[in-house]
Amino acid sequence: MKSSNIGGQAVMEGIMMRHKDVYSIAVRKPDKEIEVKVEDYKSVMKNKKILSLPIIRGVFSFIDSLVIGTKCLMYSASFFEEEEEEKAKKEALSGDELTKYEAKQKKQENVLMTITMIFSVVISVGLFMVLPYLIASLLRKVGAGESAVTVAEAFIRIVLFLAYLVLISKMQDIQRVFMYHGAEHKCINCVESGKALTVENVMKSSRFHKRCGTSFLFFVIIISIIFFIGFFAIVPVKTMWMRVVIRVLLVPVVAGVSYEFIRLAGNSENKVVALLSKPGLCMQKLTTKEPTPDMAEVAIMAVEAVFDWKVYLRENFENAEGEIKKAEEAEHTAGEANDNL
């Protein structure tokens with residue numbers, strides 16, 4: 001499978017897809033129409049030389065993912081949360097009044113997005129980094145050393161993470177997000193395996209992908225074990241509060257290294273890399289679900305808004321023209337069927 005360098009994320013009733021310097025978000029609205037929005041991708045770090053440095057680029061990529069992900073989630077939610085009173089208020093305004101009102105709404109959304117993102121990071125670090133260590137530290141009362149505490153901490157972190165995924169997967173809204181997550185993966189796998197981007201081909205493709213964020217989080221857990229054991233073996237730290245602070249400070253480094261591995265895994269067919277990727281792929285059984293054809297349609301529109309899959313197929317696969325011809329014939333047939341309705 002040849003990497004297309006497309007990345008994505010599931011949102012409420014939709015999908016975000018990113019390729020190079022642009023990203024799109026396609027949302028299935030309550031009226032069943034698909035809304036597609038395309039924007040330029042702007043990193044929080046403007047210096048491209050810094051963004052090309054290994055590990056450091058992973059840190060900023062992680063931050064960017066949080067920003068864009070939160071922004072897209074709020075955008076998709078806006079189609080379902082707008083009350084009739086709000087719609088009526090907008091319809092009553094015109095000209096400058098409407099412009100000022102929308103600017104005020106945009107400002108409020110930005111503030112809410114910032115607060116949401118900061119809250120999410122604090123909760124995540126507290127729940128999956130600090131809490132496991134505090135629980136594992138109780139082993140010191142029975143004479144356990146720092147290495148034993150770190151190993152126990154890793155085990156607790158994995159259990160907490162899996163328990164979290166299992167619990168949220170029971171929620172109906174999250175189940176639909178996980179179905180869109182599956183559609184996102186199927187879409188990317190379809191293109192990267194040399195198939196035309198049609199609903200039929202997408203539905204036949206795998207819902208598991210090595211560049212998934214779930215796999216990234218798994219590597220964060222594993223690499224944090226290695227980092228913490230190594231660091232505290234070299235630099236003994238006696239006070240608990242300092243050990244907690246160091247763990248928090250090492251989070252960006254761990255995220256940067258994890259990014260490099262997930263990047264390697266997504267572009268390599270090496271058997272060792274494939275083996276190391278398997279646990280992350282297994283975890284995707286929790287975070288992806290089989291989508292419906294209409295979800296695949298949303299994913300296709302998100303991809304086509306930012307990525308020319310026909311050019312990609314022509315550049316990388318010998319049978320590209322045959323695949324493209326089949327897709328065009330299927331599209332023509334579907335168009336005729338719609339005209340006859």
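Remember, predicted model here, so these are calculated numbers, not experimental data.
- Using a 4.0 Å cut-off between charged nitrogen and carboxylate oxygen, E192 and K210 do not count as a salt-bridge pair.
- Remark: K289 engages no residue in a salt bridge (charged side-chain N to carboxylate O under 4.0 Å, His left out) (not counting sequence neighbours).
- Residues meeting the side-chain contact (heavy atoms from CB on, under 4.5 Å) test with V298, sequence neighbours left out: A26, R28, I34, Y180.
- From S215, atom OG reaches atom CZ of F208 across 10.5 Å, with rounding to the nearest 0.5 Å.
- No side-chain donor-acceptor contact under 3.5 Å links N189 to the backbone of S205.
- Remark: K42 pairs with no residue by the salt bridge (charged side-chain N to carboxylate O under 4.0 Å, His left out) rule, at least two apart or across chains.
- Scored by the side chain to side chain donor-acceptor pair (under 3.5 Å) test, T214 finds T287 as partners (sequence neighbours excluded).
- Shown here are the salt bridge (charged side-chain N to carboxylate O under 4.0 Å, His left out) partners of K278, two or more places apart in sequence or in another chain: there are none.
- Salt bridge absent: K325 and E321 never bring a charged side-chain N and a carboxylate O closer than 4.0 Å.
- Annotation: side chain to side chain donor-acceptor pair (under 3.5 Å) contacts of S76 (sequence neighbours excluded): none.
- For the pair R247 and F228, the cation-pi test (distance below 6.0 Å, angle within 45°) is passed.
- Taking the side chain to side chain donor-acceptor pair (under 3.5 Å) definition, one finds that K186 meets it with E290, sequence neighbours left out.
- Legend: residues meeting side chain to side chain donor-acceptor pair (under 3.5 Å) with H185, ordered by chain and number and at least two apart, are H181, Q284.
- When the shell of 6.0 Å around CD of Q175 is examined, it contains more than 12 heavy atoms from other residues, nucleotides or ligands.
- Alongside M16, the hydrophobic cluster contains Y23, Y41, I68 (criterion: ILVMFWY side chains under 4.5 Å).
- Through side-chain heavy atoms spaced under 4.5 Å, either directly or across other Ile, Leu, Val, Met, Phe, Trp or Tyr residues, F119 is tied to I123.
- Note on I118 and V130: separate hydrophobic clusters, where clusters join Ile, Leu, Val, Met, Phe, Trp and Tyr whose side-chain heavy atoms are under 4.5 Å apart, directly or indirectly.
- The salt bridge (charged side-chain N to carboxylate O under 4.0 Å, His left out) search around E39 returns K37, K71, not counting sequence neighbours.
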Indicate every side-chain donor-acceptor pair of residues 160-172 with a distance under 3.5 Å to a residue at least two apart or in another chain.
residue	atom	partner	partner atom	Å
S169	OG	L165	O	3.2
S169	OG	V166	O	2.7

